Amino acid sequence: MTATSTNGPVGTGTGDQARTDVSSPVGAGTGDQARTDVSGPARTGTGAAAPAIVGPRTGSTAATKAATAAASTAGGASLSDRTVLAVIPARGGSKGVPAKNLAPVAGVPLVARAVRACLGARLVTHVVVSTDDPAIAAEARAAGAEAVHRPPSLSGDTATSESAVLHAMDAFEATTGRRVDTVLLVQCTSPFLTPADVNGTVEEIATGGADTALTVAPSHGFLWRRAAATASPVGASATGTASTASTNGTPGAASTGTTGTVESVGGGTGVNHDKAHRPRRQDREPEYLETGAVYAMDAEGFRTHRHRFFGHTALVVTDPSRVLEIDDPHDLARARALAPLLDIPTAPRIDDVDAIVLDFDGTQTDDRVHIDADGREFVSVHRGDGLGIAALRRTGVPILILSSEVNPVVAARARKLRIPVLHGIERKDLALKQWCEEQGIDPRRVLYAGNDVNDLPCFHLVGWPVAVSSAHDSVRAAARAVTVTPGGSGAVREIAGWLLGPELHTPDL
């Protein structure tokens with residue numbers, strides 16, 4: 001994967017797309033337009049038989065897109081007869097972050113985030129996840145993609161992403177009988193990929209005259225390289241005069257070996273600039289950093305070259321604040337911290353959920369306890385929450401209160417609301433899983449609202465983890481949606497408004 005950095009203020013993404021043609025090696029900034037061809041031997045083909053593809057869940061966005069091709073581009077050229085296949089390679093094994101492709105960011109696994117970005121791109125007609133892991137395949141199908149099993153020969157550490165794309169393209173064409181016109185390589189380790197980014201690369205192939213395209217981020221950074229170590233006799237330099245080695249421009253840094261030589265530990269050399277001249281930012285042409293998120297290729301050319309870059313390569317310039325690749329646990333932590341700032345706010349509708357599970361303390365209360373002189377405990381609840389729960393109950397959607405609190409006030413509140421309750425539960429995630437099995441409900445269709453770290457295991461089980469605004473930081477970071485209202489102040493009423501509309505209209509049953 002490509003190492004990336006984030007430039008610019010966080011959260012300033014506009015989603016606007018700029019496009020630049022490659023004129024020379026990336027970063028030269030000459031502005032000349034030239035066609036660039038890949039030289040060297042072509043990569044070895046996969047040689048594997050194309051397996052059957054397992055399709056997305058019925059009624060998903062992908063199923064709809066497969067039946068309805070993409071609309072015309074802004075330039076007016078019809079693309080209705082083109083097949084644009086997005087391939088998301090997602091192996092099960094990961095050394096840096098265990099089960100990385102299933103790791104949730106804002107409550108959504110990375111592979112599902114990539115699938116959604118592709119499904120949201122109007123020019124993409126089909127989305128396939130190539131994987132060797134049944135859990136990833138199931139998550140991909142739940143998100144609306146198709147899944148193709150990747151054989152062991154293409155799943156090892158030395159297997160290339162190109163080989164996975166070629167294999168998936170073969171499988172797709174063999175199963176559907178459709179010829180792919182444009183194929184995309186989409187990395188699910190780029191969590192803040194947008195449909196506009198994906199669409200931009202497709203447009204360059206379909207109407208921009210490019211053979212290949214990739215997403216890049218502008219950069220004005222000065223790059224340095226440490227020079228290779230050198231050795232010379234003690235007291236001698238290349239000119240025959242006494243000298244000492246320099247390190248990063250600092251004289252006098254030298255080490256004397258037992259052989260009577262002085263070894264330089266590596267001086268700094270400017271890569272994209274002359275260190276003797278420091279131009280102003282506004283006087284420098286931007287260079288472009290490969291984001292590693294999306295690569296688009298003309299399918300026929302890709303089969304010939306078996307590499308993601310060939311012919312004329314176009315650059316699709318993206319928002320640098322959204323550039324992040326997850327390669328280690330620190331990257332994942334950064335992504336989870338940035339998600340509330342970079343993700344477009346989303347809220348579920350009633351058709352998105354099959355059940356609603358609510359924590360009690362801190363979610364339906366303000367997390368405070370009032371104690372009288374006899375040690376009796378009292379809590380406060382919000383009448384608006386009761387109104388919202390009553391409206392949700394009328395829809396027929398199952399509702400459950402799930403709490404670790406043993407105080408009988410939890411059961412009393414559930415009786416008042418006329419909904420079932422499980423309280424005094426130590427392992428809420430196990431109780432939730434068992435309840436879903438008993439009710440015949442897919443946990444990925446469950447909305448769970450909570451506020452503290454003991455809710456996180458449940459967050460990892462469900463499709464719609466929701467945090468109240470007063471929740472712990474780590475809980476808000478793991479949530480797919482966060483209320484504006486704090487717990488105990490009408491947060492459940494707000495969630496009911498998401499599902500049913502602000503006036504709590506119950507859909508016709």
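Values in this document were obtained by computation on a predicted structure and should not be read as measured data.
Between Arg322 and Asp319, none of the side-chain N atoms (NZ, or NE/NH1/NH2) sits under 4.0 Å from a carboxylate O, so this pair counts as no salt bridge. Remark: Asp442 engages Arg444 in a salt bridge, criterion side-chain N to carboxylate O under 4.0 Å. A salt bridge does not link Asp331 to Arg336: none of the charged side-chain nitrogens sits closer than 4.0 Å to a carboxylate oxygen. We find that Arg179 and Asp181 are joined by a salt bridge, their nearest charged nitrogen and carboxylate oxygen being less than 4.0 Å apart.
Remark: the Thr291 side chain and the Thr215 side chain contain an N/O donor-acceptor pair separated by less than 3.5 Å. A side-chain donor from one of Thr212 and Thr313 sits under 3.5 Å from a side-chain acceptor of the other.
With sequence neighbours excluded, the residues satisfying side chain to side chain contact (heavy atoms under 4.5 Å, CB included) with Leu461 are Asp429, Leu432, Lys433. A search for salt bridge (Lys or Arg N to Asp or Glu O under 4.0 Å) contacts involving Asp452 returns nothing, not counting sequence neighbours. Considering only residues two or more places apart in sequence or on other chains, His330 meets the ring pair (Phe, Tyr, Trp, His ring centres under 6.0 Å) condition with none of them. Annotation: salt bridge (Lys or Arg N to Asp or Glu O under 4.0 Å) contacts of Asp352 (sequence neighbours excluded): none. Residues meeting the salt bridge (Lys or Arg N to Asp or Glu O under 4.0 Å) test with Asp133, sequence neighbours left out: none. Partners of Asp274 under the salt bridge (Lys or Arg N to Asp or Glu O under 4.0 Å) rule, at least two apart in sequence or in another chain, do not exist in this structure.
Cation-pi check for Arg480 over Tyr448 is not met; the charged atom does not lie both under 6.0 angstrom from the ring centroid and within 45 degrees of its normal.
For the pair Arg284 (side chain) and His220 (backbone), a donor-acceptor distance under 3.5 Å is present.
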